Protein chains: 2
Amino acid sequence: MTTPKFAQIKQFIVDNIRSGAWLENQRVPSENELADQFSVSRMTARRALSELTEAGILTRSQGLGTFVASFKSQSSLLEIKNIADEVKARNGNYSCTVLVLESINALAPIAIALGVEADSVVYRSVLVHNENDQPLQVEERFVNPALADSYLQQDFTHLTPHEYLSSVAPLTEARHTVEAIMPNAEMCQWLNLYHEEPCLQVIRRTWSSTGIVSFARLVSPGSKYRLGGHLTFKK
Amino acid sequence: MTTPKFAQIKQFIVDNIRSGAWLENQRVPSENELADQFSVSRMTARRALSELTEAGILTRSQGLGTFVASFKSQSSLLEIKNIADEVKARNGNYSCTVLVLESINALAPIAIALGVEADSVVYRSVLVHNENDQPLQVEERFVNPALADSYLQQDFTHLTPHEYLSSVAPLTEARHTVEAIMPNAEMCQWLNLYHEEPCLQVIRRTWSSTGIVSFARLVSPGSKYRLGGHLTFKK
DNA sequence: ACAATTATCTTGTATATACAAGATGGCTTG
DNA sequence: CAAGCCATCTTGTATATACAAGATAATTGT
């Protein structure tokens, strides 16, 4: 008996749901019933139910019982991975080109996004992430100097901005939006696009405990890049 | 003392991380230390650490200790919500128009995506989801008749296809991809677009225990629709 | 000096027990 | 008959205890 008892009970429950034997919103055995059935203590049976509830596969309510969660309530999740890791994962040759690394006076929209005063100095970088020496994504990033004052001295061909910023300011929050845009002429040049092509744009804002750290715009050609997501009953 | 003890300990730990007092990869107090510090049993302290580990805020390793998880390892997640719910959530007027509801002979790519033989009969629906009577998203869906034989008899102006399919075949898995595309003429007409505009396209395939249930293509204008994601240390 | 053992710390699994609190049905009482 | 009470089910919180197993540092023996 190498697999723990609580894991066996989890497996038993998941199998019943996967096979369709237990349908949505149907009641599952109570803690005491499972404890008897598997000859374990109530706390062990409880652990199986609790962890599956935390995973969103079951729902519980005190006094009533435990039920199979409705699939509808499962929100579908998409991962936004580090692009360097993604390229390496598919055995591509990853490289990075630094196009711009400067300090500028923030225009109003940038200043607002970074939570600093308009026209104050912020850092700006534009990098191109390449796979097999072909542009895959352009990263334009605005950084709050108060939280990362040596940003301009970094060598981003070896350390990504995100990695550097994480080490300088402990990140506490991030927000993303994904949209489809048409690249402007400058972006076309950066991405080496000869004809106009729709692009995926991810806007990422990262917070630290003391304020907004940076504001990044990640643009990739729709023909070369896509986001993947996966949702499954398992474990 | 209304809030449970384990929740208080979780709060204490999260506060220390948010404030930057405990940095990435730094060791946090052990179960026994927390138990002494808060005058609780080891099992209660353990619960706080376990739940924060499950949430991805801490990492643990047997024999070594518990550590603040590195932000880098946190995968950023995007939610794909039900569009009807989203519209209603912002107090919009949601409506749905059924453009196509038919059975067709599947071309090769559709047949492969659905896991059926080429040229076999499958169901196809094209719906337009409207916000305040303006097209927001086109949903083109191909359905495996073996798993939902009364699909064509449904009234999708009141029940979404996803809701109907969930009730008929217990869903066990879903996969998504998001990309930026340029709509063709037919799609432009459906979306009421006068000039060409980049669109966000979500492809969703859903599995049941007995096979692939359906294959959906969700297309929204880039100017009207975006996906939002959010990642935070909390609870 | 070096290798093997031991002690001691950590997390991981499991049990038995106790009481609190929500939900439900049946019973008692007015 | 109906309102209130109570027994009994459920999950939720909390403790004390025991042993297993991984990791590390100290100790011991050669």
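Everything quoted here is computed from the prediction, not taken from an experiment. Reckoned from all heavy atoms, side chains included, excluding hydrogens, waters and symmetry mates. Chain letters run A, B, ... following the sequence lines, proteins first, then strands; residues in each count from 1.
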Report the nucleotide, chosen from [options], that has the shortest atom-to-atom distance to any side-chain atom of [X].
X	options	value
B:Arg60	C:dG12, D:dA16, C:dT13	C:dG12
A:Gln62	D:dT11, D:dT15, C:dT15	D:dT11
B:Leu64	C:dA21, D:dT24, C:dT10	D:dT24
B:Arg46	C:dT13, C:dT15, C:dA23	C:dT13
B:Thr66	D:dT11, C:dT11, C:dT15	C:dT11
B:Met43	C:dT11, D:dT17, D:dT11	D:dT17

request  = Using a cut-off of 6.0 Å, state whether more than 12 heavy atoms not belonging to B:Glu33 lie near its atom CD.
outcome  = yes

Results of side chain to side chain donor-acceptor pair (under 3.5 Å) for A:Ser50 - residues two or more places apart only = none

ask   = Which ones in residues 32-39 of chain A lie close to DNA chain D, meaning a heavy atom under 4.0 Å from one of its atoms?
value = A:Asn32, A:Glu33

Could you tell me how far apart [X] ([atom1]) and [N] ([atom2]) are, to the nearest whole angstrom?
X	N	atom1	atom2	result
A:Glu31	C:dA23	CD	P	16 Å
A:Phe67	C:dG22	CZ	C1'	12 Å
B:Lys5	D:dG12	NZ	C1'	14 Å
B:Glu54	C:dG12	CD	C1'	15 Å
A:Ile9	C:dT15	CD1	C1'	13 Å
B:Arg47	C:dT13	CZ	P	16 Å

task = Name the nucleic acid region contacted by A:Arg42, choosing base, sugar-phosphate or nothing; use a 4.0 angstrom heavy-atom cut-off, strictly under.
result = base

request  = Would you please confirm or rule out a distance under 4.0 Å between OP1 or OP2 of C:dA14 and any side-chain N or O of A:Ser41?
outcome  = no

inquiry  = Does C:dT11 have OP1 or OP2 under 4.0 Å away from a side-chain N or O of B:Ser61?
reply    = no

request  = Flag the pair A:Glu31 and A:Arg60 as a salt bridge only when some basic side-chain nitrogen lies within less than 4.0 angstrom of an acidic carboxylate oxygen.
outcome  = yes

Check ion pair A:Glu131-A:Lys224 (N to O, under 4.0 angstrom) = no

inquiry  = Show, in sequence, the C-alpha distance, side-chain angles and deciding distance for B:Phe142 and B:Tyr151, and conclude whether the ring pair (Phe, Tyr, Trp, His ring centres under 6.0 Å) test is met.
reply    = CA-CA 10 Å; B:Phe142 298 91; B:Tyr151 184 75; over 10 Å; no

message = Between B:Gly65 and A:Ala45, which residue's closest nucleotide on DNA chain C lies nearer the 5′ terminus?
response = B:Gly65

query = When the aromatic ring centroids of B:Trp207 and B:Phe215 are compared, is their separation below 6.0 Å?
reply = no

Contact check, side chains of A:Gln201 and A:Arg217, non-hydrogen atoms, under 4.5 Å = yes

